[in-house]
Amino acid sequence: MDDEYAKLIRRMNPPRVVIDNDSCENATIIQVDSVNKHGILLQVVQVLTDLNLVITKAYISSDGGWFMDVFNVTDQDGNKVRDEEIISYIQKTLENDEVLLPSLRGTVGLMPSEEHTSIELSGTDRPGLLSEVCAVLADLHCNVVNAAIWTHNARAAAVVHVVDDVTDCAIEDPKRLATIKKLLRNVLKGNNDLKTAKMTLSPPGFTHRERRLHQIMFDDRDYVKVRKTEQGNIEDLKSGPCITVYYCSEKDYTVITMRSRDRPKLLFDIVCTLTDMQYVVFHGVVHTGKNEAYQEFYIRHVDGLPISSEAERERVILCLEAAIERRTSEGLELELCTEDRLGLLSDITRIFRENSLCIKRAEISTQGGKAKDIFYVTDVTGNPVEQKTVDSICEQVGPNMLHVKWNPCHSEKLPEEGTISYFFGSLFKVRTLQSLKLIGSYT
């Protein structure tokens with residue numbers, strides 16, 4: 001009965017999307033109104049992020065059973081969104097009630113997996129791991145059509161979509177799938193990861209690749225800090241995100257504030273993690289300045305309670321730090337553009353391994369017979385790649401196939417605390433300092 005009543009309310013109040021290109025001088029304003037439901041914020045942010053739109057500001061409010069969010073967005077070049085196809089897609093997608101319904105864990109998003117076999121991998125990161133995985137797939141005549149690989153805190157995770165090299169279709173033969181699973185698990189186990197290496201086949205249906213990567217790494221507990229002690233790899237805590245979690249007693253919310261360097265898809269990564277940790281964002285503000293992002297959220301657990309212990313507070317901080325850091329561009333960015341073929345990825349990653357490069361993150365895609373692969377690499381000690389190594393790799397790969405997209409440099413530290421402040425002072429007026437107390441003061 002409760003489910004039928006909820007459906008009735010949604011039919012009476014369908015989602016409404018207003019896209020405004022006139023009110024703001026330098027951004028397109030997108031306003032979304034809907035009956036509130038756990039996961040709606042993530043679904044909206046996911047749609048905007050998948051279109052490669054940049055969210056420069058956001059104002060979030062979902063009290064009283066109603067969801068009303070406003071996003072200021074631009075394209076990748078910082079211009080307003082003028083493309084009528086994109087505008088129409090945003091409206092049709094976000095006004096579709098089915099899209100706004102939260103999806104089951106592990107079957108999220110809009111990417112069909114019937115056309116390919118989706119493989120999920122996780123294990124201990126080590127130099128040459130991706131090269132070994134790609135070699136196994138090539139030997140088994142599995143062509144990688146797209147993939148995403150993340151590494152963080154000595155852990156590695158990947159979502160890889162493969163097809164049969166001959167039929168160009170998904171692999172369905174149970175015996176062949178069992179062989180793929182066995183061999184990839186052996187690669188992931190290596191010599192010292194006998195218990196935690198995992199290789200699974202995604203269920204049929206829909207899988208949002210990047211959300212799955214967050215879930216895989218979260219389940220793998222990559223948020224547990226691994227201190228690096230080697231020379232050149234000492235963790236620079238000052239340059240990392242600054243996250244605070246405290247209790248607002250007047251409104252009975254937990255307040256999370258985050259300051260970090262700005263980058264694409266930052267809001268998606270944060271909201272994805274909070275949603276999968278079963279927290280609800282009731283109010284929030286997002287603001288990006290020059291190279292810096294500020295986010296503030298008023299949250300409760302799905303059971304309606306704020307964070308109630310120091311241990312939970314610390315865990316939330318660690319998980320949000322991991323969410324920010326997983327996609328952070330580390331190392332030299334190399335882009336490969338060439339004709340696709342079986343074994344291409346295996347050959348490229350082998351060349352990287354033979355030149356003592358470590359792949360920190362990778363995005364693999366193919367379209368129309370063309371491969372476009374992006375790799376973020378360092379040397380085996382985690383230091384920037386030397387120019388002579390880059391020249392050697394470009395020569396081995398072939399002329400005009402590998403392009404250096406970004407040269408690593410020492411990142412500037414974040415500005416001192418207090419350079420940006422967009423607290424909801426007018427919305428949640430706090431009478432005394434005592435009404436904002438750290439979670440550690442709970443008794």
Side-chain angles (χ1 to χ4, degrees), residues 111-151 155-191 193 196-204 207 209-210 212-213 216-217 220 334 336-354 357-367 369-377 396-397 401-402:
M111 189 180 296
S113 60
E114 285 82 358
E115 298 175 0
H116 51 251
T117 300
S118 183
I119 300 172
E120 299 176 358
L121 309 169
S122 65
T124 301
D125 187 29
R126 67 175 189 276
L129 178 60
L130 179 59
S131 175
E132 295 175 34
V133 168
C134 294
V136 168
L137 292 174
D139 287 344
L140 295 171
H141 295 279
C142 300
N143 196 25
V144 178
V145 292
N146 59 69
I149 298 95
W150 290 358
T151 65
R155 306 303 299 169
V159 175
V160 185
H161 296 159
V162 301
V163 295
D164 179 82
D165 180 47
V166 177
T167 65
D168 205 32
C169 298
I171 300 167
E172 298 178 347
D173 178 37
K175 289 185 178 179
R176 190 176 176 190
L177 291 174
T179 301
I180 294 171
K181 197 169 185 177
K182 178 182 177 181
L183 293 179
L184 286 180
R185 275 185 171 172
N186 288 339
V187 168
L188 290 168
K189 286 177 180 178
N191 296 322
D193 200 13
T196 58
K198 297 177 183 176
M199 183 279 179
T200 58
L201 298 172
S202 297
T207 301
R209 190 173 64 189
E210 293 176 351
R212 280 301 297 147
L213 280 169
I216 292 167
M217 298 207 85
D220 208 22
L334 301 175
L336 174 74
C337 297
T338 186
E339 295 289 331
D340 189 32
R341 60 173 173 81
L342 178 67
L344 173 66
L345 194 55
S346 175
D347 292 342
I348 296 299
T349 54
R350 174 182 52 78
I351 291 172
F352 289 170
R353 182 186 64 193
E354 291 172 350
L357 297 190
C358 287
I359 298 173
K360 297 297 183 180
R361 190 160 62 88
E363 299 171 10
I364 312 301
S365 62
T366 59
Q367 187 172 9
K370 297 283 187 179
K372 182 178 179 181
D373 304 340
I374 298 175
F375 304 92
Y376 298 87
V377 299
Q396 294 176 62
V397 171
M401 289 174 57
L402 198 63

Under 3.5 Å, side chain of [X] to main-chain N/O of [Y], donor-acceptor pair present?
X	Y	answer
Arg176	Leu140	yes
Ser122	Ile216	no
Ser365	Lys372	yes

Does any part of the side chain of [Y], heavy atoms only, come nearer than 4.5 Å to the side chain of [X], both counted from C-beta?
X	Y	answer
Ile348	Val397	yes
Asp164	Cys169	no
Leu345	Asp347	no
Phe352	Ile359	yes
Val133	Thr349	no
Asp373	Leu334	no
Val163	Thr117	no
Ile149	Ile364	yes

Pairing of Asp125 and Arg155 as salt bridge, 4.0 angstrom limit: no
Charged N-O contact under 4.0 Å between Arg209 and Glu363: no
Plane angle bin for His161 and His116 - parallel if under 30°, tilted between 30 and 60°, otherwise perpendicular: parallel
If I take atom [atom1] from residue [X] and atom [atom2] from residue [Y], how far apart are they, to the nearest 0.5 angstrom?
X	Y	atom1	atom2	result
Leu184	Lys189	CG	NZ	12.0 Å
Leu402	Gln396	CG	CD	10.5 Å
Arg361	Leu213	CZ	CG	10.5 Å
Leu336	Leu344	CG	CG	5.5 Å
Asp165	Ile171	CG	CD1	9.5 Å
Cys358	Phe375	SG	CZ	14.0 Å

Please give me the minimum heavy-atom distance between [X] and [Y], naming the atom from each residue.
X	Y	answer
Gly369	Glu339	O-OE1, 3.5 Å
Ala138	Gly343	CB-CA, 4.0 Å
Glu210	Trp150	O-CH2, 3.9 Å

Leu137: which of Val160, Asn143, Leu342 passes side chain to side chain contact (heavy atoms under 4.5 Å, CB included): Val160
Side chain to side chain contact (heavy atoms under 4.5 Å, CB included) between Val187 and Leu129, worked out: CA-CA 8 Å; Val187 168; Leu129 178 60; 4.0 Å; yes
Residues Leu121, Leu188; criterion side chain to side chain contact (heavy atoms under 4.5 Å, CB included); working and verdict: CA-CA 8 Å; Leu121 309 169; Leu188 290 168; 3.8 Å; yes
